[in-house]
Structure formats: C-alpha cells, structure tokens
Amino acid sequence: MAERPITIAIDGYSSCGKSTIAKAMAAKLGYAYVDSGAMYRAVALYALRNGWADGDTVNGPAIIASLNSIDVHFRPDRATGRADTYLNGENVEDEIRSMAVSSVVSHVSVIREVRAKLRAMQQQMGLRGGVVMDGRDIGTAVFPHAELKIFMTADPEIRAQRRFDELRAQGRDVTFESVRTNLAERDHEDTHRAEDPLRQADDALVLDNSHLTPHGQLALALQWAEQRIGMRNPKMGN
Ligand code: CDP
C-alpha cells in the first residue's frame, strides 16, 4: 500500500528562511510546496495597481468588492523548476517581491474577506496531504490538524541582513534600513491583527535558525517529518 503523505505547516516571522526550508523539504519528500505569502502579495499588487493601497491606507471595501475578479494561482516554470505566481493570467512572480508590495501587503492581509478567500484556496490545495505550505497562519487556521507544524524564528538583525542581501542580489535598489523597518512593521502588524494573527500553534515545534546552516536546519526538519510520516504509516505485523 502506498505511504500516506502528511501535511507540513511552516509559520514564522518575515525572512526567517521559511521558504528555503519548505522548498527543500518538499523536494526531498516529493511533496508540493505552496508559498501562501505569494498569494497575499498578489492581492496586494492588484490593490496597488488599482490605487487602493498607498502607504498606510488601504481601500478595504474596493478590494472586497473585486475579490471575484482576482484570480491567483501557481504554474510551474519548466526552465527554472519553480512554481511562479500568476495574477489574472499574468506572471507576477518578480513584481510581488518588490518593496512597494512588501510595504502594503500586511495592510491588505488584515482584511477578513481576503483571508477567507485565500484560506479556502489553500485548503483546497492541501486536500490530499503531501504538501508543505509556509506562511503566518498555516498551522493555526489553514491546516489546524497538520501532522507536522514548525514555527520558525531568527534574530531580527540576521533576518534583515538576509533579506537585504537577497534583494540586492536580485538587483533591487533597496537600503538596509528600509528592509529592516519593513520587516519590523510587518511582524508587528502580522502578530497583532484580529484575523488569524501570526502565533505559534500549541503543538508546533520551534526552529530558531539564527545560527543553523541551511543544511543543519533541513536535516533537523526532515528528521521531524520522517518521524511524523512513520506515525501516520505504522508498520503492520511487527
Ligand atoms: O517573504 P516574507 O516572509 O517576508 O513574507 P511572505 O511570506 O511573502 O508574506 C507576505 C505577507 O503576507 C506577510 O507579511 C503577511 O502580512 C501576509 N501573510 C499572511 O497574512 N498569511 C499568510 N499565511 C502568509 C502571508
């Protein structure tokens, strides 16, 4: 009988390496990887383009009224091997990583109707298990029964430096200060909002990767995953 796959939920603060570990785990286990943050970023981009998000103000009613016209999905890119994010048929994978989107996305993600729509899509994607999804509310709201929940954290200065290096390597014109401020503001908003705030699920395992190498953290997370897969697939007759 085929092994029954599990669901892996990875939550945590901005830029603490969730997507790196989630992608590597999915590749190792043969699971699908879903970047839930990309979906919030795509909705934020839609709002920005329509002039509904600007600095600290977001036009919630306009965003809610057009939710049915916002299609977000992932499509694999054969050349790069990554799953790109599409907004109404347009590949927005690069644009959603801009500072312009980063600076409004947390204001858009407080909107209950936005969360309800994206949560339903995410639950659909994970219906059969075999998925590694990262975000802020995956272990608490999207998959509260996930077999493995990981809560990731890292020192804020280290996170800001990592994100700054990543954005500069992509050729983006950002300052360290603007990146650090954006992470701090998003972390605050994400942990203090009323709807499904970022918090550690009671049954989540904490992974502080401030001083772990990518290899070290992956080895640890895979060990946890193998153990949970073993619990879901008890060997018969021995
Ligand atoms: O890349 P980074 O970790 O900085 O952020 P992200 O995962 O791309 O998420 C961008 C933003 O989307 C977060 O700061 C949250 O405001 C929101 N988000 C959310 O509310 N719930 C999720 N499950 C994922 C992201």
Side-chain angles (χ1 to χ4, degrees), residues 7-23 33-48 53 56 58 63 72 74 82-85 87 92-123 125-126 131-144 146 149-154 156 158-167 170 172 174 178-201 204 207 209:
T7 299
I8 302 177
I10 304 184
D11 289 305
Y13 301 99
S14 298
S15 307
C16 53
K18 298 185 300 292
S19 65
T20 305
I21 199 166
K23 276 181 212 159
Y33 162 62
V34 180
D35 174 359
S36 70
M39 301 167 76
Y40 286 93
R41 286 175 177 272
V43 176
L45 176 62
Y46 187 89
L48 262 182
D56 282 340
V58 161
I63 298 173
V72 179
F74 298 104
R82 70 180 185 185
D84 286 348
T85 311
L87 170 63
V92 292
E93 183 59 34
D94 289 331
E95 202 174 344
I96 57 170
R97 312 290 165 188
S98 66
M99 280 304 279
V101 170
S102 294
S103 61
V104 299
V105 63
S106 287
H107 309 320
V108 172
S109 66
V110 301
I111 303 170
R112 175 207 301 251
E113 289 80 357
V114 170
R115 303 204 68 80
K117 172 179 167 126
L118 299 187
R119 184 173 56 239
M121 289 173 65
Q122 290 153 6
Q123 288 172 335
M125 292 177 200
V131 68
V132 185
M133 193 175 293
D134 72 345
R136 302 293 186 285
D137 62 343
I138 311 305
T140 52
V142 179
F143 298 129
K149 300 179 187 176
I150 300 177
F151 188 81
M152 287 188 66
T153 179
I158 293 176
R159 293 195 272 124
Q161 187 66 48
R162 283 180 189 157
R163 180 53 57 95
F164 174 70
D165 292 344
E166 183 186 0
L167 291 168
Q170 293 167 356
R172 297 182 200 261
V174 291
S178 68
V179 172
R180 179 166 51 185
T181 306
N182 176 255
L183 294 194
E185 287 176 355
R186 278 199 291 133
D187 284 349
H188 185 270
E189 194 153 358
D190 292 346
T191 47
H192 287 83
R193 68 180 175 224
E195 293 294 321
D196 301 330
L198 167 64
R199 66 175 180 84
Q200 186 188 326
L207 186 59
N209 74 356

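Just follow the structure's listing: the first ligand is 1, and inside any ligand the first atom is 1.
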With heavy atoms under 4.0 Å as the rule, classify the contact between [X] and ligand 1 as side chain, backbone, both or neither.
X	result
D190	side chain
R41	side chain
R186	side chain
R115	side chain

Ligand 1 contact by Q122, heavy-atom criterion under 4.0 angstrom: no

Decide whether the shortest distance between a heavy atom of R193 and an atom of ligand 1 is less than 4.0 Å. yes

Output yes when [X] and [Y] qualify as a salt bridge under the 4.0 Å nitrogen-oxygen rule, no when they do not.
X	Y	answer
D190	R193	yes
R163	D187	no
D137	R119	no

Minimum non-hydrogen distance to atom 24 (C) of ligand 1, winning option of S36, G139, A9: S36

Considering only heavy atoms, which of E195, R136, K18 lies nearest to atom 5 (O) of ligand 1? R136

What atoms in ligand 1 come closer than 4.0 Å to a heavy atom of S106? 14 (O), 16 (O)

Nearest protein heavy atom with distance in Å, relative to [atom]:
atom	result
atom 17 (C) of ligand 1	S109 OG, 3.7 Å
atom 23 (N) of ligand 1	D137 OD1, 2.8 Å
atom 2 (P) of ligand 1	R163 NH2, 3.5 Å

Check the pair F74, M125 against side chain to side chain contact (heavy atoms under 4.5 Å, CB included), reporting the backbone distance first and the verdict last. CA-CA 11 Å; F74 298 104; M125 292 177 200; 4.0 Å; yes

Cut-off 3.5 Å, side chains only: do S102 and R97 have a donor facing an acceptor? no

May I ask you to check whether Y13 and R186 show a side-chain donor-acceptor distance below 3.5 Å? no

Counting neighbours of CZ on R172 that are heavy atoms of other residues, nucleotides or ligands and sit closer than 6.0 Å, is the number greater than 12? yes

Would you name the heavy atoms of D11 and G139 that are closest together and state the gap between them? OD2-N, 2.7 Å

Y13 N/O under 3.5 Å from ligand 1 N/O: no

